[in-house]
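Letters go in sequence order (proteins before strands), and every chain restarts at 1. Only this structure's heavy atoms are used, side chains among them; waters, hydrogens and symmetry mates stay out.
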Number of protein chains: 2
Amino acid sequence: MVTETESGVEPRIPLSKERVLAAAVKVADEGAIDSLTMRNLAEELGVEAMSLYYHVANKDAVLDGVIDAIMAEIEEALGGFRVPEAGADWKTALRHRILTARQVMLRHPWAPSVFETRTTMSPVLVLYFEGLLGTLREGGFSYDLAHHAMHALGSRVLGFSQELFRPEDDAGDEVNDAMLKEMAEHLPYLVGMLTETAHDDPDSTLGWCDDETEFSFALDLILDGLERRIETA
Amino acid sequence: MVTETESGVEPRIPLSKERVLAAAVKVADEGAIDSLTMRNLAEELGVEAMSLYYHVANKDAVLDGVIDAIMAEIEEALGGFRVPEAGADWKTALRHRILTARQVMLRHPWAPSVFETRTTMSPVLVLYFEGLLGTLREGGFSYDLAHHAMHALGSRVLGFSQELFRPEDDAGDEVNDAMLKEMAEHLPYLVGMLTETAHDDPDSTLGWCDDETEFSFALDLILDGLERRIETA
DNA sequence: ACCTGAACACCGTTCAAGT
DNA sequence: ACCTGAACACCGTTCAAGT
C-alpha cells in the first residue's frame, strides 16, 4: 500500500536489508544455491550489484541472514525455541524438535549446504542450541554428556545429515544388470547391498540417501545410545 | 637421477599427472586449502597455469587426484584395504580401520574439506567402502543394517567428523569472565556447559571440537548401537 | 540517503600459437 | 609432445561519483 502522490511512475519501494535477504531466499529456492551471487541477487531486485553493499556488509552477511531466515521458520514451526519440555521425556522432545527442523529443511533443500559454509553461530542459532541443551539437562544429562551428545548428533540437530558423496542427479551413470554382473566379481559386498536395498520414498529426501527412514534410523541409534549412557552414569 | 647430456642448464623434468598431483598435496599441506588454485599450483611447479591442463582435465580432476593420494596413504597405513578381518570381531576391526584413517587425516587437516566437495567416489574409494562393508557382512550384518550403518557413521568412516560451525582460529572472540556472567542470564545452559567442559588435547584435533576423545565417543556410541541392533535382529 | 559506473583483483578455462 | 600468451566469462568488492 504505497501512497502515490508523485505523478505515477512505479512506486519503487526502496531497498532494505530485509528485502535483500528475502530476495536471497527466493533466489536460492528457485535456482540452485550457486545461482545466489551478488549480481544475480541484485537483478532479482531490479538493481545494480553494488547497491546491495549499501544494505549489507558483504556476501557473508547475506548468507548469515539467509540462515537466520531459515531459523525463523524453524522457530515458527516449533512455536518458539523455549517451549516447556516434559522434563523427563527428553528423548521425544528432542526427536520432535529435530524432525520439525527437518520439515523446514525439506522446504529449502539448498539450506544444508549453506549451513555447512558458516563458521560462527548467529544469536538465533545460539538460542536454538541453548534450547536443545536445556532439554538434555532437564532430562538428566551431565554437561559433559550433553556436550558429547551435541557432537555425536552433529548436523542432525538441525534436521539434516551431512552426506559425503551425493552424485548429481543428472544420473548419467544408471547401473544396469550387465554392469552389476561385471562388478560383482570385484565388489561382491557392494553389489550385494545395491541389489538388496532400494530407496523409494522420493518425497522425504534431502539428497542421495538422506531420506526419512535413513535419517530416523541414525537419529534413534544415537538417541538410544545416549539414553544408555545416562542410565549407566 | 636425470642424465644431463645437453650442456647443463637445469634438467627440467617434464611435468606429468603424478607430479602435478604430488605438488597439489604439497601446496595444500603448506598453506590453507584455498591456496590450492590452478595458478598457485602452476607456480609451485615453475610453470604457467595453462600448462596444467595438458596433464589434467580440470581442477576437479586435481581434487579427485588429491583424494586418491590421501586414500593411498590410508591404504598403506592399513597394509591394504582387504586385510583378512577376524570374522566375528567386526567391531574392533572397524574401529581400527577408522582410527587409522584418522591418523592420516590428522597429517592433512585440510583433507576433510576436500572430501566434502566431492560428489562421486573414485575407484579407490569404492574399494575402501567395499572393505568396510565386507567387514560388516562377515560380522553378521544384514545388507540393510550395513547400509544404515554406513549412513549413520557418515564421514566418520573416513576418520573425521563433519563439524557445523568451526570458528576460525584467529580467536578474536575470547570469552572472558565478565562476558560469561552477562550471558549467563539469557543462556544458562550454554554458559554452564562452557564453564564445565574444556578441550585441552591440542594434538589430536581436527578443527574445533573434533579431538580424539570427542571422535571416539561418537564412534563408540554408534558402534555400540549397531551391535545392539544385530543382536536384536 | 540511496544508488550506480568504472575498475580492481581474483577465479577457472579456451584456443590459437609457439618450440 | 609439451608449454605459453592473450583473452573470456565469471566471481566479490572498492571507490568516487551521481541524484
Side-chain angles (χ1 to χ4, degrees), chain A residues 2-7 9-24 27-28 31-67 110 113-114 116-120 168, chain B residues 2-7 9-24 27-28 31-67 110 113-114 116-120 168:
Chain A
V2 176
T3 51
E4 219 169 320
T5 49
E6 308 294 320
S7 54
V9 254
E10 291 140 23
R12 168 76 119 165
I13 317 144
L15 239 47
S16 66
K17 190 172 178 179
E18 291 68 41
R19 280 192 63 216
V20 170
L21 296 180
V27 168
I33 186 60
D34 13 74
S35 64
L36 180 52
T37 67
M38 296 303 268
R39 283 168 168 88
N40 233 321
L41 177 53
E43 200 184 0
E44 168 75 29
L45 290 158
V47 110
E48 295 302 313
M50 305 76 204
S51 311
L52 301 174
Y53 289 85
Y54 192 84
H55 299 95
V56 104
N58 48 32
K59 187 170 182 184
D60 251 34
V62 172
L63 294 177
D64 283 337
V66 159
I67 292 294
W110 47 268
S113 69
V114 178
E116 283 164 25
T117 67
R118 303 296 77 203
T119 53
T120 50
E168 357 252 64
Chain B
V2 175
T3 52
E4 217 167 320
T5 49
E6 308 293 322
S7 54
V9 255
E10 290 139 25
R12 168 74 121 167
I13 317 144
L15 238 49
S16 68
K17 192 173 177 179
E18 290 68 41
R19 281 192 63 216
V20 170
L21 296 180
V27 168
I33 185 60
D34 12 75
S35 64
L36 180 52
T37 66
M38 294 304 268
R39 283 167 169 90
N40 233 320
L41 177 52
E43 200 184 2
E44 168 76 29
L45 290 159
V47 108
E48 295 302 315
M50 305 76 206
S51 310
L52 301 174
Y53 288 87
Y54 191 84
H55 299 95
V56 104
N58 48 31
K59 185 168 185 187
D60 251 33
V62 172
L63 294 177
D64 284 338
V66 159
I67 292 294
W110 47 269
S113 69
V114 179
E116 283 164 27
T117 67
R118 304 296 76 205
T119 53
T120 50
E168 356 253 67

Q: Grab the CG-P distance between B/Asn40 and C/dA9 for me, whole Å please.
A: 17 Å
Q: What are the two closest non-hydrogen atoms of B/Ala28 and B/Ile33, and how far apart are they?
A: CB-CD1, 4.2 Å
Q: For DNA chain D, find the residues of residues 52-64 of chain B with a heavy-atom distance under 4.0 Å and give them by number; none if there aren't any.
A: B/Tyr54, B/His55
Q: What's the shortest heavy-atom distance between A/Val62 and A/Ala24, and which atoms?
A: CG1-CB, 3.9 Å
Q: For A/Lys17, does the NZ atom have more than 12 heavy-atom neighbours from other residues, nucleotides or ligands under 6.0 Å away?
A: no
Q: B/Glu43 CD to D/dC3 P: how many Å, rounded?
A: 17 Å
Q: Contact between B/Val66 and B/Trp110 at the side-chain level, heavy atoms closer than 4.5 Å - yes or no?
A: yes
Q: Is any side-chain heavy atom of A/Leu36 less than 4.5 Å from a side-chain heavy atom of A/Leu63?
A: yes
Q: Please report the closest heavy-atom contact between B/Ala42 and B/Glu48, naming both atoms and the distance.
A: CB-C, 3.6 Å
Q: Mind checking B/Ser51 for me? I need base, sugar-phosphate or nothing, with any heavy atom below 4.0 Å counting as a touch.
A: base
Q: If you look at every heavy atom in A/Val27 and A/Ser35, which pair is closest and at what distance?
A: CG1-O, 3.6 Å
Q: How long is the line joining CZ of B/Arg39 and C1' of D/dA6, in whole Å?
A: 12 Å
Q: What is the distance, to the nearest angstrom, from the CG atom on A/Leu15 to the P atom on C/dC3?
A: 5 Å
Q: Can you tell me the distance, in whole Å, between the CD atom of B/Glu48 and the C1' atom of D/dT4?
A: 6 Å
Q: Using whole Å, report how far NZ of B/Lys17 lies from P of D/dA1.
A: 18 Å
Q: Do you know which two heavy atoms are closest between B/Ala23 and B/Glu44, and how far apart they sit?
A: CB-CG, 4.1 Å
Q: Rounded to whole Å, please give me the gap between CG in B/Leu36 and P in C/dC11.
A: 11 Å
Q: Rounded to whole Å, please give me the gap between CE in B/Met50 and C1' in D/dC8.
A: 12 Å
Q: Anything below 3.5 Å on both distances counts as a pair; with that, list the stems of at least three consecutive Watson-Crick or G-U pairs involving DNA chain D.
A: C:4-8 with D:12-16, C:12-16 with D:4-8
Q: Kindly determine whether B/Leu52 and B/Leu45 satisfy side chain to side chain contact (heavy atoms under 4.5 Å, CB included), including the steps that lead there.
A: CA-CA 9 Å; B/Leu52 301 174; B/Leu45 290 159; 3.9 Å; yes
